Amino acid sequence: MRYAVCVTFKIVPEHWNIFVDLVKRNAKTSKVLEKDCLQFDVCTNKMYPYEVFLYEIYASPEAFNAHLRSSHFRDFDAEASMMIADKQVKTYFLVD
């Protein structure tokens, strides 16, 4: 059962460039190392300054939980946490 994870970050402006680099690296590493990470898109829009939207698809909720336990995610989370002004996470099951 495929599982979608949507995350919206509001980033502290002075950390914008560093955060974007970190999150892009986390997405790329997740796609390479996690066979059940099926998609991981990092999105921005000039209409929403300092906002990053992630769209992630995993093979299952368990695959997402494995992502959260991965060393590359834990490293990203520790390094990026002080750059984040707000974070919202929503999860969904894909309709077949």
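None of these values were measured; they are calculated from a predicted model.
To the nearest 0.5 angstrom, Glu79 atom CD is 11.5 Å from His15 atom NE2. A distance of 9.0 Å separates CD in Glu14 from OH in Tyr50, rounded to the nearest 0.5 Å. The NZ atom of Lys87 lies 5.5 Å from the CG atom of Asp77; values are rounded to the nearest 0.5 Å. Separating the OH atom in Tyr58 from the CG atom in Leu68 is a distance of 7.0 Å, to the nearest 0.5 Å. Atoms CG and CG, on Leu22 and Asn17 in that order, are 11.0 Å from each other to the nearest 0.5 Å.
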Show every donor-acceptor pair shorter than 3.5 Å between a side-chain atom in residues 32-46 and any protein atom, with sequence neighbours excluded, or say none if there are none.
residue, atom, partner, partner atom, Å
Glu34, OE1, His67, ND1, 3.3
Glu34, OE2, Ser30, OG, 3.4
Glu34, OE2, His67, ND1, 2.8
Glu34, OE2, His72, NE2, 2.6
Gln39, NE2, Asp41, OD2, 2.5
Asn45, OD1, Met47, N, 2.8

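In terms of heavy atoms, Phe93 sits closest to Pro61 at CE2-CG, 3.5 Å. Across Asp86 and Gln88, no two heavy atoms sit closer than the pair OD2-NE2, 3.5 Å.
At a threshold of 4.5 Å between side-chain heavy atoms, the hydrophobic network of Ile, Leu, Val, Met, Phe, Trp and Tyr places Tyr48 and Val89 in two separate groups. Both Ile18 and Ile11 belong to a common hydrophobic cluster when Ile, Leu, Val, Met, Phe, Trp and Tyr are linked at side-chain heavy-atom distances under 4.5 angstrom. Phe73 and Phe64 fall within the same hydrophobic cluster, defined by Ile, Leu, Val, Met, Phe, Trp and Tyr side-chain heavy atoms under 4.5 Å apart, directly or through other members. In the hydrophobic clustering of this structure, Met82 groups with Ile84; members are Ile, Leu, Val, Met, Phe, Trp, Tyr whose side-chain heavy atoms approach within less than 4.5 Å, directly or through other members. Clustering ILVMFWY residues whenever any of their side-chain heavy atoms sit less than 4.5 angstrom apart, transitively, puts Ile57 in a cluster other than the one holding Val23.
Here Asp96 pairs with Arg2 under the side-chain contact (heavy atoms from CB on, under 4.5 Å) rule; sequence neighbours left out.
When side chains are defined from C-beta on, Tyr3 does not count as touching Tyr92, because their heavy atoms never get closer than 4.5 Å.
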For this session: Start with the C-alpha distance between Val52 and Trp16, add both sets of side-chain angles, then the distance that settles side chain to side chain contact (heavy atoms under 4.5 Å, CB included), and finish with yes or no.
Result: CA-CA 9 Å; Val52 174; Trp16 174 256; 3.6 Å; yes

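A parallel orientation is assigned to the rings of Tyr55 and Phe53, their planes being inclined by less than 30° (bins at 30° and 60°).
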